[in-house]
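Report on the following structure.
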Amino acid sequence: DGLQTTADAIREAGLDWTVSKQPMYIHSGVDADGNTEAIQVPDAFAMVRDTDKNILGVTGNRYTPVQNVEAFQFFDRIIGEGEAIIESAGSLRGGQLIWILASLPEHMEVKGISGDAIKPYMFLSNSHDGKTGVNMGLTMVRIVCNNTLNLAMTQALNKVSIRHIVTGK
């Protein structure tokens, strides 16, 4: 209640962390002095949450992470103009997938049932596991868990998806 910016939502939902793309290595044995030897895995990177070093996924060399703050900033303009109100935000699968949901000011009433309003929402999701990109769309589903996020994404109106891939690399 009362959240006015995505910075507030990120803080309240515990999403105020960043991720970094770290090279991956395999253990190749121990040398004669007892030192561990490692070989870097070509074109494989771990997406690591910087606060606790938790590995969220494995990506290729073209993958570029989109930070939670960057992904959510789009909502600040529409919230600032009074076009939407942040309702919820959260993370799933230990931070591999994050999302934010805002309700839009217009709603519909079910004919013949007084007080039964159906709200339209706008959502944005972002993954840090290398499997999906940034997704945004309009939905009638109030996202509160993985099931409702999946439902919102499959039934979204005017959905846009942006991959985490930088071309030319």
Side-chain angles (χ1 to χ4, degrees), residues 3 5-79 86-102 121-139 141-156 158-169:
L3 298 179
T5 66
T6 56
D8 294 334
I10 286 171
R11 184 184 65 256
E12 290 297 317
L15 302 174
D16 50 349
W17 40 266
T18 57
V19 296
S20 59
K21 186 169 132 178
Q22 302 291 327
M24 290 184 58
Y25 296 86
I26 60 166
H27 176 70
S28 63
V30 179
D31 67 16
D33 297 326
N35 299 317
T36 301
E37 295 179 329
I39 300 171
Q40 185 173 349
V41 180
D43 299 327
F45 296 86
M47 290 306 305
V48 178
R49 183 173 32 226
D50 296 324
T51 55
D52 61 5
K53 306 303 180 206
N54 187 28
I55 298 172
L56 302 175
V58 176
T59 67
N61 63 338
R62 293 180 20 193
Y63 183 91
T64 301
V66 176
Q67 303 299 335
N68 298 344
V69 169
E70 295 170 329
F72 285 8
Q73 279 179 336
F74 173 80
F75 274 61
D76 280 329
R77 193 177 113 244
I78 60 171
I79 291 162
I86 297 173
E87 287 235 353
S88 58
S91 72
L92 300 166
R93 299 189 303 266
Q96 292 178 339
L97 184 63
I98 57 105
W99 53 270
I100 186 168
L101 180 78
Y121 299 98
M122 180 169 38
F123 72 90
L124 182 138
S125 67
N126 181 33
S127 79
H128 298 298
D129 62 3
K131 295 178 183 173
T132 60
V134 178
N135 293 291
M136 187 172 73
L138 300 173
T139 183
V141 178
R142 186 171 189 275
I143 301 169
V144 294
C145 66
N146 192 53
N147 290 338
T148 53
L149 177 60
N150 286 334
L151 183 63
M153 288 178 56
T154 58
Q155 295 184 352
N158 302 323
K159 187 173 110 177
V160 175
S161 297
I162 303 167
R163 296 176 59 193
H164 287 258
I165 301 295
V166 174
T167 57
K169 280 192 174 182

N/O donor-acceptor pair under 3.5 Å between Asn68 side chain and Leu15 backbone: yes

Has the side chain of Asn135 got a donor or acceptor atom that lies under 3.5 Å from a matching backbone atom of Met153? no

Count the heavy atoms belonging to other residues, nucleotides or ligands that lie under 6.0 Å from CD1 of Ile55, then report whether that count exceeds 12. no

Are any of the side-chain heavy atoms of Ile98 and His128 separated by less than 4.5 Å? yes

Would His27 and Thr36 satisfy side-chain contact (heavy atoms from CB on, under 4.5 Å), going step by step from the backbone distance to the final call? CA-CA 7 Å; His27 176 70; Thr36 301; 3.0 Å; yes

4.5 Å side-chain heavy-atom contact, Ile86 and Ile100: yes

Determine whether a donor-acceptor pair (N or O, by modelled atom type, separation under 3.5 Å) exists between the side chain of Arg142 and the backbone of Ser88. no

Could you check whether any side-chain heavy atom of Leu124 comes within less than 4.5 Å of a side-chain heavy atom of Phe75, counting everything from C-beta outward? yes

Listed partners of Ala152 passing side chain to side chain contact (heavy atoms under 4.5 Å, CB included), at least two apart: Phe123, Thr139, Val141, Ile143

Criterion side-chain contact (heavy atoms from CB on, under 4.5 Å) on Lys159 and Leu138, from CA distance to verdict: CA-CA 7 Å; Lys159 187 173 110 177; Leu138 300 173; over 6 Å; no

Using modelled atom types and a 3.5 Å cut-off, is there a donor and acceptor pairing between side-chain atoms of Ser127 and backbone atoms of Leu97? no

Could you report the tightest heavy-atom contact between Arg49 and Gly95, atom names first, then the distance? NH1-CA, 3.8 Å

Between Ser28 and Ala38 the two heavy atoms that sit nearest each other are OG-N, 3.7 Å

Tell me if a side-chain donor or acceptor on Thr6 pairs with a main-chain N or O of Ala9 at a distance below 3.5 Å. no

So CD of Gln73 and OG1 of Thr5: to nearest 0.5 Å the spacing works out to 10.5 Å

Do Asp50 and Ser20 get their side chains close enough for a donor-acceptor pair, meaning under 3.5 Å? yes

Can you see which heavy atom on Phe72 is nearest to which on Trp99, and at what distance? CZ-O, 3.5 Å

Between Gly130 and Thr59, which heavy-atom pair has the shortest distance, and what is it? CA-CG2, 3.7 Å

Under a 4.5 Å cut-off applied to non-hydrogen side-chain atoms, are Val19 and Val48 in contact? no

For Thr132 and Asp129, which heavy atoms make the closest approach, and how far apart are they? N-OD1, 3.9 Å

Do other residues, nucleotides or ligands put more than 12 heavy atoms under 6.0 Å from the CZ atom of Arg163? no

Can you confirm whether Arg62 sits close enough to Phe45 that some side-chain heavy atom of one is under 4.5 Å from a side-chain heavy atom of the other? no

When rounded to the nearest 0.5 angstrom, what distance separates CG in Leu92 from CG in Asn150? 8.5 Å

Verify, without hydrogens or angle tests, whether Gln96 (side chain) and Leu56 (backbone) share a donor-acceptor contact under 3.5 angstrom. yes

Compare all side-chain heavy atoms of Val58 with those of Met47 and state whether any distance is below 4.5 angstrom. no

Could you tell me whether a side-chain N or O of Asp33 sits under 3.5 Å from a main-chain N or O of Asn35, the two making a donor and an acceptor? no

Taking Lys21 for its side chain and Tyr63 for its backbone only, find out whether a donor-acceptor pair lies under 3.5 Å. yes

Can you find a pair of side-chain heavy atoms, one from Gln67 and one from Trp17, that are under 4.5 Å apart? no

